Amino acid sequence: MTRNFCLLFLLCSFLSFGQIQSDNLPNVVVVLADDIGLGDLAAYRSMHSDKIIVETPNLDQLMAEGMSFTDAHSPTALCAPSRYSIMTGNNTYHSYAPWGVWGSYQQTPIKETDMTLGKLMKQAGYQTAFFGKWHMGSDWHRKGSNTAIYRGPRNRTQLEVDVTHIADNGPKQQGFEYSLMYPAGIQDVPYAVYENEQWMPLQEDSEIIEITQAKVDYLNFKLNKDEGLGDSHWNPFEMGPLLAKKATEFIAKAEKARPFFMYYCSQAVHKPHTPPSELDGEKINGSTPTHHLDMVKELDTQIGMLVDALKAKGVYENTLFIFTSDNGGLNVAATAKAGHRSSDIYRGSKNQIYEGGHRVPFIATWPNEIKGKTTSNALLSSTDILATLAALTNQSLSAEQGIDSHNFLPILLQKDNAAPRKTLLLQSGTTRKVAYREGQWKLIIQIKKDEANEAIALFDLSNNLTEQEDKNLISQPKYKERIDRMYRVYHQVRYGK
């Protein structure tokens, strides 16, 4: 009797640590924007400047209704590796390609033993759906075969692929019961849309053809990456509206008997910058100084459509809605000339190890549980979404799952026992730099091919948030002990030695 009482007491105590009873689980919507920096959201930008170039009323409203974070980070400063890390809760170096970036026809970095957002929520009884940019590789058959998997070099046009369906390792295998997916967003091959892993022809007379620059010149945009296979009616100006339309239809049709989980990966604002003429009655194309900023407006409108759909369904009050970005904002000359600062006050932008490359907006709303108009300075990574949703749904992760994920649900619910993370590992992109955060301290390390890695910067973010080089402490003898210790800790975590 005593043993049973103790077990019951322990269970109740465990549930009190920021978890929700299973009979009142909320719907969950996670939105991952593409290349959005803190300065792209008007409410974030207004924390440091009165000069607002593009208004984002729907995202600003989310901030007003929930909790926004000022020290949140994407796992890397580049989109594909961040997507793997967010999906699995593992930093990229746990995969077969430590620096990430997978073409659509490459092997997925997700292992069968990995927990994913889709698997986690499906096993909790949720209806699960994925929308938008996948960008984590998949298996496709070689053209003319229903068994051979295509693998080919990315340095030439790849035409030997059967792109009519995904053979394996797509959203379905990662726990998503429904998917409307762009394998590489609007930026790369295949230039086609997939519904439940089958090619969804964009028009009745659509066929798979080779998409070349010459064939899309009439649309007045430039391919961002490779020429290759795609739908003969491919038009990136229409992909955002299609995505938002399908997502709102999913919300409208979702069963009421069980909650739903939606992972919505917007195509905005990655290049090519191809804003639609209008969306949801709002003029988009040409409504701002640049097409880049038109895409910011499109993203904000998409958010408004999702929120409106939740309200029309009558479920918004019991929906945990999370918004963030896969990396920092873009450095676009015309946009900067117009006075807009995608990285806000921070140094750097996408692909760079400085704060502007990975410090991102992060907003969470849940009207019944999260207090509105709150701001948190807790250190946060979007790898933390997995552990947080595990806590929300009363599930446990094994020691090999969500390795770099930290539960921040107690922070959202403002529990007395909330314990934010103290450290964080970050990666740049092609510059092969990493950073180790320890409280206010940020050590930047240059990774070299011979593993003779070198610490190149130490910043005290408490008084140098903009990482000015004249305040780089790396050469100051008084900080040598800290630099050496942080360098050792990073290597112990990263390399296990």
Side-chain angles (χ1 to χ4, degrees), residues 17-20 24 26-33 36-74 264 266 296-297 299-325 329 341-346 355 359-382 384-385 388-389 391-392 406-421 461-462 465:
F17 275 71
Q19 294 184 305
I20 305 300
N24 192 36
N27 302 298
V28 178
V29 176
V30 175
V31 175
L32 185 66
I36 283 287
L38 280 163
D40 290 323
L41 276 63
Y44 270 108
R45 178 64 175 149
S46 65
M47 294 179 183
H48 301 115
S49 175
D50 294 330
K51 189 175 183 180
I52 305 300
I53 306 301
V54 179
E55 299 290 346
T56 51
N58 295 300
L59 287 162
D60 293 356
Q61 186 61 31
L62 283 183
M63 290 180 69
E65 294 180 2
M67 179 179 289
S68 52
F69 290 79
T70 58
D71 199 3
H73 301 264
S74 58
Y264 183 92
S266 177
V296 173
K297 184 171 182 179
L299 172 67
D300 185 72
T301 303
Q302 289 181 20
I303 297 301
M305 293 173 69
L306 295 178
V307 170
D308 287 347
L310 292 168
K311 290 180 177 179
K313 183 77 170 180
V315 298
Y316 180 70
E317 297 299 313
N318 194 35
T319 296
L320 172 59
F321 193 110
I322 294 173
F323 172 88
T324 190
S325 179
R341 299 289 180 267
S342 288
S343 297
D344 195 20
I345 63 170
Y346 303 101
E355 293 296 291
R359 191 178 287 237
V360 292
F362 198 106
I363 308 166
T365 64
W366 184 5
N368 286 346
E369 301 291 341
I370 297 175
K371 185 179 179 182
K373 297 181 180 179
T374 55
T375 302
S376 173
N377 62 1
L379 182 61
L380 183 71
S381 169
S382 43
D384 298 339
I385 294 173
T388 300
L389 295 187
L392 177 78
H406 180 93
N407 172 24
F408 63 89
L409 186 61
I411 296 174
L412 294 179
L413 303 181
Q414 297 184 297
K415 298 291 185 180
D416 292 338
N417 63 311
R421 60 160 65 238
L461 299 180
S462 68
L465 196 54

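This structure is a prediction, so every number in the text was calculated from the model and none was measured.
A donor-acceptor contact shorter than 3.5 Å links the side chain of Asp384 to the backbone of His406. Side chain of Asp300 to main chain of Leu59: a donor-acceptor pair is present (N/O by atom type, distance under 3.5 Å, no hydrogens or angles). Not a single donor-acceptor pair under 3.5 Å links the side chain of Arg45 to the backbone N or O of Ile53. Between the side chain of Thr388 and the backbone N or O of Phe408, at least one donor-acceptor pair lies under 3.5 Å. With hydrogens and angles disregarded, no donor-acceptor distance shorter than 3.5 Å links the side chain of Thr319 to the backbone of Val28. Asn407 contributes a side-chain N or O that, together with a main-chain N or O of Leu409, makes up a donor-acceptor pair within less than 3.5 Å. Looking only at distances, no side-chain donor or acceptor of Ser49 sits under 3.5 Å from a matching main-chain atom of Ser46. Looking at Asp60, its side chain does come within 3.5 Å of a backbone N or O of Ala43 through a donor-acceptor pair.
For the residue pair Glu65 and Thr365, no side-chain donor N or O sits within less than 3.5 Å of a side-chain acceptor on the partner. Donor-acceptor pairing under 3.5 Å is recorded for the side chains of Ser342 and Asp40. A donor-acceptor pair shorter than 3.5 Å cannot be found between the side chains of Asp71 and Asn377.
Taking the six-membered ring for Trp, Tyr264 and Phe321 have ring centres at least 6.0 Å apart.
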